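Note that the structure is a prediction, hence the values are computed from the model and not measured.
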Amino acid sequence: MSESLFSRPAWSGIIVCAAILALLPILNLSFPAGHALHISSYAVGLIAKFMCYALAALALDLVWGYTGILSLGHGVFFALGAYAHGMYLMRAIGRDGVYQSNLPDFMVFLDWKTYPWYWSMTDNFWYCMALVVLVPGTLAFVFGYFAFRSRIKGVYFSIITQAMTFAFMLMFFRNNTGFGGNNGFTDFKRILGYSITAPATKAVLYLVTLGFLLAALILCRWIVKSKLGRVLQAVRDSESRLMFIGYNPLWFKLFVWTLSAILCGIAGALYVPQVGIINPSEMSPGNSIEMVIWAAVGGRGSLLGPIIGAFSVNGLKSWFTAAFPDLWLFALGLLFILVTLFMPQGILGLVDQFKRKWQSASSDGLVTQATPDTSTGKKEAA
């Protein structure tokens, strides 16, 4: 299935979709509300959020779809990237908070007198951008090293990744950790000196998110098509055979696992200024499971599939939670069961299946038309 996604028509479709997505914030800024071509700020913000989710789903597909490592804890990497960026955004509030203090409002409320040591230099944007990469990347490297060296795999690995994200969620819920406790970070005012709520700022953040999503897709495509990608797929298909011919899977798995965590952290960093809040609920095991569902619905092991799945499932969620707010989790569970039973390769797999059937039917028709007429000795023209 993945071969067809890297064909010229597929890339043409990607370019067209990217151009349409890039046009949306321009239409929002160029035309007033009520105009036929105006795109609402709500719609632009919602699609920006979906693109962040799509980047996280793409990161998960790299380890699950191509390496066979099912993670149920990618939500922690997403949230850590968001918290790293959120620390800068909280520092950028300055004295514009409710308490008009140099400290964030939650620290004033909890009677903190100064920033803890790990908040040092977080008023520097580029330092926090480095944290966005280093914090989830370091956690993934250390966790992955001990897990992969111990040859933990399959359902056992999935369980400990879920335990990891649950442990981090409980830790961040505590007020004494210095990350806002239950409320997390919110009430952001500015980024790099620009108002974070200004339409132009939101448009730039939207376009930056789109750029990162396309860059990540190209990077993942390059990895998958390279020799490294073939080794990763060999890890997925038969790790023991790979070891028999002389490869050590540890470092290959560790590389792709760490890279996936970094991409997920970048997705979280892009998410937080556009949504305006980050709290420990983003680390809940349910959020990590939703990422798996995005990849499964779209079609894992295809790169494009998880992106389609993230947009499809979250679009359905936006509508369903508005119409039937108490039933969404039941609908999500039913969706996952139906996809597993009837669409094991997801939406893209279903599209490929219909395409093959159509091509087979077309070729059968041509063969039938070209069959010689034994009574006349002539061929009917196709």
Name of the residue among Asp96, Thr197, Thr201 meeting side chain to side chain donor-acceptor pair (under 3.5 Å) with Arg190: Asp96
Min side-chain heavy-atom separation Leu72-Thr165 under 4.5 Å: no
Aromatic contact, Tyr88 with Tyr127 (centres under 6.0 Å): no
Flag side-chain contact, heavy atom, 4.5 Å: Trp64 against Arg236: no
Shared hydrophobic cluster, Leu134 / Met121 (ILVMFWY, side-chain heavy atoms < 4.5 Å): no
More than 12 heavy atoms of other groups within 6.0 Å of Phe320 CZ: yes
Cluster check Trp319, Ile308: I/L/V/M/F/W/Y, side chain < 4.5 angstrom: yes
Crowding at OH, Tyr247 (>12 non-hydrogen neighbours, <6.0 Å): no
Polar side-chain atom of Thr186 near backbone of Gly276 as donor-acceptor pair, under 3.5 Å: yes
Minimum side-chain heavy-atom gap Leu263-Cys220 below 4.5 Å: yes
Heavy-atom closest contact (Lys225 atom, Arg230 atom, distance): O-NH1, 3.7 Å
Under 3.5 Å donor-acceptor, Ser260 side chain and Val256 backbone: no
Atom pair OG/CZ of Ser101 and Arg95 - distance to nearest 0.5 Å: 6.0 Å
Whether over 12 other heavy atoms sit under 6.0 Å from Phe330 CZ: no
Flag if over 12 foreign heavy atoms under 6.0 Å of CZ, Phe166: no
Plane angle bin for Trp257 and His74 - parallel if under 30°, tilted between 30 and 60°, otherwise perpendicular: perpendicular
Between CD1 on residue Ile47 and CD on residue Gln274, distance to nearest 0.5 Å: 11.5 Å
Mutual orientation of the aromatic rings belonging to Tyr145 and Trp251 [parallel < 30°, tilted 30-60°, perpendicular > 60°]: tilted
Thr122 vs Met90 side-chain heavy atoms within contact, under 4.5 Å: no
Heavy-atom pair of closest approach, residues Ser318 and Leu46: OG-CD1, 3.8 Å
Side-chain heavy atoms of Met107 within contact of Tyr115, under 4.5 Å: yes
Pairwise distance OG(Ser158) to NZ(Lys153) - rounded to 0.5 angstrom: 12.5 Å
Any Phe106 side-chain heavy atom under 4.5 Å of Phe185 side chain: yes
Test log, rule side chain to side chain contact (heavy atoms under 4.5 Å, CB included), inputs Val98 and Val108: CA-CA 10 Å; Val98 174; Val108 178; over 6 Å; no
Rounded distance [0.5 Å steps], CZ in Phe141 versus CD1 in Ile262: 11.0 Å
Shared hydrophobic cluster, Ile20 / Tyr42 (ILVMFWY, side-chain heavy atoms < 4.5 Å): no
Criterion ring-ring contact (aromatic ring centres under 6.0 Å, His included) against Tyr271, the qualifying member of Tyr206, Phe78, Phe50: Phe78
Intermediate values then yes/no, side chain to side chain contact (heavy atoms under 4.5 Å, CB included), Leu213 and Leu21: CA-CA 12 Å; Leu213 178 58; Leu21 289 173; 5.8 Å; no
Modelled atom types, side-chain donor and acceptor of Ser41 and Asn28, under 3.5 Å: yes
Option among Asn182, Asn183, Leu110 that satisfies the side-chain contact (heavy atoms from CB on, under 4.5 Å) test with Asn175: Leu110
Phe336 vs Leu332, side chain to side chain contact (heavy atoms under 4.5 Å, CB included): CA-CA, chis, key distance, verdict: CA-CA 6 Å; Phe336 187 61; Leu332 185 64; over 6 Å; no
Donor-acceptor under 3.5 Å (Trp294 side chain, Ala56 main chain): no
Atom of Asp187, atom of Asp105 and distance for their closest heavy-atom approach: OD2-OD2, 4.5 Å
Pairwise side-chain contact, Pro273 with His85, heavy-atom cut-off 4.5 Å (strictly under): yes
Interatomic distance, Leu80 atom CG to Phe168 atom CZ [nearest 0.5 angstrom]: 6.0 Å
In one Ile/Leu/Val/Met/Phe/Trp/Tyr side-chain cluster, 4.5 Å: Leu29, Leu205: no
Sub-6.0 Å ring centroid separation between Tyr118 and Phe179: yes
Closest contact, heavy atoms only, Val313 versus Trp328: O-CH2, 3.8 Å
Phe173, CZ: over 12 other non-hydrogen atoms inside 6.0 angstrom: yes
Minimal non-hydrogen separation, Leu55 against Ala216, with atom names: CD1-CB, 3.4 Å
Check: Lys202 and Val44 side chains under 4.5 Å, non-hydrogen atoms: no
Backbone N/O of Leu303 and side chain of Arg221: donor-acceptor pair under 3.5 Å: no
OG1-CD distance between Thr67 and Glu239, expressed to the nearest 0.5 angstrom: 10.5 Å
Where Ile347 and Ser312 come nearest, the two heavy atoms and their spacing: CD1-OG, 3.9 Å
Hydrophobic cluster identity match, Leu207 and Val16, side-chain contacts under 4.5 Å: no
Test log, rule side chain to side chain contact (heavy atoms under 4.5 Å, CB included), inputs Phe77 and Leu139: CA-CA 8 Å; Phe77 304 130; Leu139 173 64; 3.9 Å; yes
